[in-house]
Amino acid sequence: MLAQRLLGVRTVLGVEHTDTASPAVSNLASLCEPRAKLGEAGLLYQLLRRRVWAGRKKVLGVEHPDTLCSISNLASLLQAQSKLGEAEPLFLRALEGGEKVLGVEHPITLSSVNNLAALLFAQGEYSKAAPLFLRALMGGEKVLGMEHPDTLTSVSNLACLLQAQGKLGEVEPLFRRALAGKEKVLGAEHHDTRICVINMASLLID
């Protein structure tokens with residue numbers, strides 16, 4: 001259904017119209033996301049993400065916020081597919097573009113900071129990831145507020161890094177803060193809250 005709708009949009013508006021280069025293709029790519037790691041589905045999803053990026057870059061410009069988001073989306077897919085070497089320069093490009101166009105404290109920029117930190121963490125580069133996780137947290141506290149879900153996610157991310165580094169004494173208060181905040185803001189049954197419960201349990205088991 002969505003694929004047929006995309007074909008109609010492309011026929012009427014053209015493949016490089018902003019409505020073709022952005023929502024339609026992007027939504028189709030998102031539909032494929034649950035199967036992003038599975039063979040041909042993964043390749044299709046990657047192709048769609050690359051098309052969104054290319055279309056937005058040509059129509060909107062390389063530094064437009066929507067183009068930068070497309071870069072991050074493609075990088076996140078590559079990371080999910082364990083293509084970390086391909087993902088890192090894209091995350092870095094999205095971050096540098098966000099800093100230039102939106103400012104260092106814009107929520108989209110802070111999201112790019114967190115994305116790059118998470119990739120470095122996955123690569124085991126803890127010393128590089130730590131200052132980025134801390135920057136994302138401090139920025140979130142300042143711009144979004146102490147109890148914003150993104151800020152609380154940054155709290156959890158920093159705690160996970162410290163746990164991996166064996167700094168367990170610093171971890172528990174961060175996990176407790178994240179859990180209490182998510183319960184208050186999102187509710188006890190929310191997926192993010194349950195992840196916080198699992199994080200806390202992993203610490204207590206250790």
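Heavy-atom basis, side chains included; hydrogens, waters and symmetry copies ignored.
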Are any of the side-chain nitrogens in E96 or K100 under 4.0 Å away from the carboxylate oxygens of its partner? no
Looking at A178, is its backbone amide N or carbonyl O close enough to the side chain of S156 to form a donor-acceptor pair, meaning the two atoms are under 3.5 Å apart? no
K167 with E172: basic N within carboxylate O range, under 4.0 Å: no
Partners meeting side chain to side chain contact (heavy atoms under 4.5 Å, CB included) with I108 (sequence neighbours left out): C69, L102, H106
Which distance, rounded to the nearest 0.5 Å, do you find between the CZ of R93 and the CD of E63? 9.5 Å
Could you pull out the closest heavy-atom pair between M146 and L152, with the gap in Å? O-CD2, 3.7 Å
Looking at every non-hydrogen atom in both residues, tell me the closest pair between L137 and S154 and how far apart they are. CA-CB, 3.7 Å
More than 12 foreign heavy atoms under 6.0 Å from CE of M200: is that the case here? yes
Nearest 0.5 angstrom please: N157 CG to F133 CZ, how far? 4.5 Å
Which heavy atom of G97 sits nearest a heavy atom of L68, and at what distance? C-CD1, 3.5 Å
Between L186 and P149, what is the shortest heavy-atom contact and its length? CD2-CG, 4.1 Å
Hydrophobic clustering (ILVMFWY, side-chain heavy atoms < 4.5 Å, transitive) - are F175 and L204 grouped together? yes
Under 3.5 Å, side-chain donor or acceptor atoms of residues 116-129 against the rest of the protein: list the pairs with distances, not counting sequence neighbours.
unit_1	atom_1	unit_2	atom_2	d
E125	OE1	K128	NZ	3.1

Quick one, K182 with T153, criterion side chain to side chain donor-acceptor pair (under 3.5 Å). Give me CA distance, side-chain angles, the key distance, then yes/no. CA-CA 9 Å; K182 290 290 179 75; T153 296; 3.3 Å; yes
Atom of L161, atom of A130 and distance for their closest heavy-atom approach: CD2-CA, 3.2 Å
Measure from the side-chain N and O atoms of T67 to the backbone N and O of R56, and report whether any donor-acceptor pair falls under 3.5 Å. yes
Looking at E170 and R176, is there a salt bridge between them, counting it only when a charged N and a carboxylate O are closer than 4.0 Å? no
Do L134 and L162 land in one hydrophobic cluster if side-chain heavy atoms of ILVMFWY residues count as linked below 4.5 Å? yes
Quick one, C160 with N199, criterion side-chain contact (heavy atoms from CB on, under 4.5 Å). Give me CA distance, side-chain angles, the key distance, then yes/no. CA-CA 8 Å; C160 288; N199 287 340; 4.2 Å; yes
Hydrophobic cluster partners of L179 (side-chain heavy atoms under 4.5 Å): V197
In terms of heavy-atom contacts, Q163 and V171 come closest through N-CG2, 3.4 Å
Could you tell me whether a side-chain N or O of T151 sits under 3.5 Å from a main-chain N or O of E147, the two making a donor and an acceptor? no
From the list L74, N73, N115, side-chain contact (heavy atoms from CB on, under 4.5 Å) with L90 holds only for L74
